[in-house]
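Everything below concerns the one structure shown next.
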Amino acid sequence: MVLVQSSKLSLPPSVSATKSLLFEPNSLSLALMHTDSSLSLFPSLPFPSLPSLPPKPQTLVPSPSSSSSFLLIHQDPIPKVLFLVAGPYKGGSQILLRFHVLQNDSFFYKPQVVCNQKGLAFDSKLGVLLDINHGVSIKIVGSINFFVLHSVSSKKVWVFAVKIIDDGDGEMLKLMRCAVIECSVPVWSISVSSGVLILGEDNGVRVFNLRQLVKWKVKKVKGFDSNGKLDRKGLKSSNGDGEDNGVSSSSGNACNGALDGKTDKHCVSVKQRSVRCSQDSGEGGACFVAFKREATEGMKPTTLKAVSIQALPPKKFVILDSIGDLHILCLSAPVVGPNVMAHMRQLPHSMKVQKLAVFPDFSSKMQTFWVSDGLHSVHTITLSNMDAAVNTNNGDVTQEKLIRITVIQAILSAEKIQDLIPLGANGILILGQGNIYSYTIP
C-alpha cells in the first residue's frame, strides 16, 4: 500500500467561491478562478508544505474574464512567467487581453505592451484590445513564447508570439499575431507543446507544425542591436513544453525570438499567414489523426469529441474523449506535415474519465497522471515503455510495443471533484465544493 499525505488549504475569506485552478510549476504560482469571473493570483507558494493560502491574493484580476493561462518567455538568465486573462469588452464587440508579469518571484505587475499590427491596440489602463468579436465562448492556451486564442463564434484560431524587449527605459512586452486558422469543423480542445499545435476535433485531432505555421517576413529598422540568445535549460511548463518553439522566416531575418531563442529589436511588422483548417488540407504542416476504436457489429459508430489534450514528453500526448476514454497520440520527430508518421492508440482502463491532469516529467521514462470520474474518486496512473510509438518501415508501417499501465493509488474525496491540478510527479491539488486539498505521495 502507498501512503498519501493530504491537507486542506485554508482559502482567503475575502474572495468569492472558486470554480477552477491554474498552476505554474516554475514559479509555484497559483491562480484561482472565481464564480463571479474574477481571478486571484498567488506567486511563489511553498508547495507541498503550504498549510493555507495568504489572507489576501497578491493580485486580484477583476471580472469579467472568460479564459486565462500561464505562459513562459525565454529571458536570460531565467525565463519570465506571464499570466494572461482574456475577456469581453464593449459588449463583446472586442476581446480584452490583460497581461501580468511575475517580477522576482514575488509580485505580478502590468507591463507596457507594444503591438503594431492592425486590429491590435494597447491601452495603458485596460490592456490589449483585439478587434475580434468575443461571441459565446473563447479559449486561450499558453506555452513557451506563444499563446493560442480560439473563438467559437468566429470559427478561428489565432497564434500569437510574446517576447521581452527593452527600449532603454525598461522592459516591455512585444505582442505579435503570427497566424490565423480558419476552422471548418468544431474545435473542442487545444494543446501547444513540443513545437506542435494540436486541435481536438470530432473523432480525432489535427496536428500543426508550429514552426511551419508561423513563418513570417520582417521589415527591419536600422539603429538597433540584437540581444543574442537566451538560456533554454531546465525549463518546464504546465503544458509540458520543455523546448522553445521556433519561428523561421523565408527571408532569414524573422522576428523569431519565440522559436530560435533570440530577442530581436529589429522587428516592426509581421506578414500574417492564413491557414484554413479542413480535413484534406496540409497547409501549415497539418495532418488529421483519427481515434482508433473497435467496431461493434450492428451499432452505428458515435461521434467522439477530443475534449482534453495533455502533453507527455517527448512528442506524445494523452487525449480524453467525450465518452470518458483515454488515447495516446505518438508523433514522429522532428517533421510534422501531410506525410507525418503519427500513431493513435486507446488506453485500456475501467473508469469513465471526466477529469484529466498530467505533469510531464522530462527526466523520467515513467509518466504519472491523474484521472477522476468527476464525482469522488481520483486514480494515480503510471505509464512506462513510452518509447514504443512510431517505428516505421519504408514510411508506411507502424510497429507497436506494449505500453505498461499501472494504477498505483486511489484517492477518495469527501466532496465532489471540480478540478485537478498536478503539482509535480508525486503531488496534486483537488478542488472540491469550494475547498482545496493537497495530496502528496512520499
According to side chain to side chain donor-acceptor pair (under 3.5 Å), who are the partners of [X], at least two apart in sequence or on a separate chain?
X      : result
Ser372 : none
Ser413 : none
Ser151 : Ser154
Ser40  : His34

Is the backbone N or O of [Y] less than 3.5 Å from a side-chain atom of [X], with the two atoms forming a donor-acceptor pair by type?
X      : Y      : answer
Gln58  : Phe108 : yes
Ser322 : Lys305 : yes
Arg345 : Cys330 : no
Ser189 : Ala306 : yes
Arg177 : Cys115 : no
Ser10  : Ser52  : no
Lys355 : Gln418 : yes
Ser69  : Leu84  : no

Any side-chain heavy atom of [X] within less than 4.5 Å of one from [Y]?
X      : Y      : result
Leu175 : Phe99  : yes
Leu329 : Ile198 : yes
Phe208 : Leu199 : yes
Asp131 : Leu129 : no
His376 : Leu412 : no
Leu149 : Ile95  : yes
Leu120 : Leu130 : yes
Leu347 : Ile381 : no

Practice task
Check the angle between the aromatic planes of His100 and Phe83 and answer parallel, tilted or perpendicular using the 30° and 60° thresholds.
Solution key: tilted
If every non-hydrogen atom of [X] is compared with every non-hydrogen atom of [Y], which pair is closest and at what distance?
X      : Y      : value
Leu173 : Leu82  : CD1-CD2, 3.6 Å
Ala311 : Phe317 : CA-CD2, 3.6 Å
Leu431 : Thr18  : CD2-O, 3.8 Å
Gly200 : Val205 : CA-CG1, 4.1 Å
Gly142 : Phe147 : CA-CB, 4.0 Å
Gly427 : Trp370 : O-CH2, 3.5 Å

Taking side chain to side chain contact (heavy atoms under 4.5 Å, CB included) as the definition, give me every residue that meets it alongside [X], ordered by chain and number, with sequence neighbours left out.
X     : result
Ser93 : Lys90
Ser20 : Met33, Asp419
Pro64 : Ser37, Pro88

To the nearest 0.5 angstrom, please state how far the [atom1] atom of [X] sits from the [atom2] atom of [Y].
X      : Y      : atom1 : atom2 : value
Phe288 : Met344 : CZ    : CE    : 7.5 Å
Ile430 : Ile411 : CD1   : CD1   : 5.0 Å
Phe146 : Ser193 : CZ    : OG    : 13.0 Å
Thr59  : Leu39  : OG1   : CG    : 11.0 Å
His150 : Ile190 : NE2   : CD1   : 6.0 Å
Leu21  : Leu429 : CG    : CG    : 6.5 Å

Completion exercise
Residue pairs passing the side chain to side chain donor-acceptor pair (under 3.5 Å) test with at least one member in residues 428-438, sequence neighbours excluded, are Glu415-Asn435, Glu415-Tyr437
Completion exercise
With sequence neighbours left out, the residues meeting ring-ring contact (aromatic ring centres under 6.0 Å, His included) with Phe291 are His327
Exercise for the section: Identify, with sequence neighbours excluded, every residue that meets ring-ring contact (aromatic ring centres under 6.0 Å, His included) alongside Phe47. Expected result: Phe23
Handout entry: Qualifying residue, where the test is side-chain contact (heavy atoms from CB on, under 4.5 Å) with Ser65 and the options are Leu96, Asp36, Val85
Key = Val85
Problem - Option passing side-chain contact (heavy atoms from CB on, under 4.5 Å) with Val371 (candidates Val353, Val358, Val378) - result: Val353
Practice task
Return yes if a side-chain donor-acceptor contact under 3.5 Å exists between Asn26 and Glu24, otherwise no.
Solution key: yes
Handout entry: Distance-only polar pair, side chains of Ser27 and Ser29, donor-acceptor under 3.5 Å
Key = yes
Practice task
Take Lys292 and Gln346 through the test side-chain contact (heavy atoms from CB on, under 4.5 Å) and record every step on the way to the result.
Solution key: CA-CA 7 Å; Lys292 284 189 175 181; Gln346 185 173 335; 5.9 Å; no
Exercise for the section: Before giving the answer on side-chain contact (heavy atoms from CB on, under 4.5 Å), spell out for Phe359 and Ile428 the whole-Å C-alpha distance, their side-chain angles and the decisive distance to 0.1 Å. Expected result: CA-CA 9 Å; Phe359 185 90; Ile428 190 170; over 6 Å; no
Completion exercise
For Lys80, the salt bridge (Lys or Arg N to Asp or Glu O under 4.0 Å) test, sequence neighbours excluded, returns Glu171
Exercise for the section: For Asp325, enumerate each residue passing the salt bridge (Lys or Arg N to Asp or Glu O under 4.0 Å) test, keeping only those at least two apart in sequence or located in another chain. Expected result: Lys352
Exercise for the section: Given side-chain contact (heavy atoms from CB on, under 4.5 Å), test Arg98 with Lys110 step by step and report yes or no. Expected result: CA-CA 8 Å; Arg98 290 175 282 180; Lys110 296 181 180 179; 5.7 Å; no
Exercise for the section: Applying side-chain contact (heavy atoms from CB on, under 4.5 Å), run through Leu375 and Lys416 and close with a yes or a no. Expected result: CA-CA 5 Å; Leu375 298 174; Lys416 186 177 179 181; 4.2 Å; yes
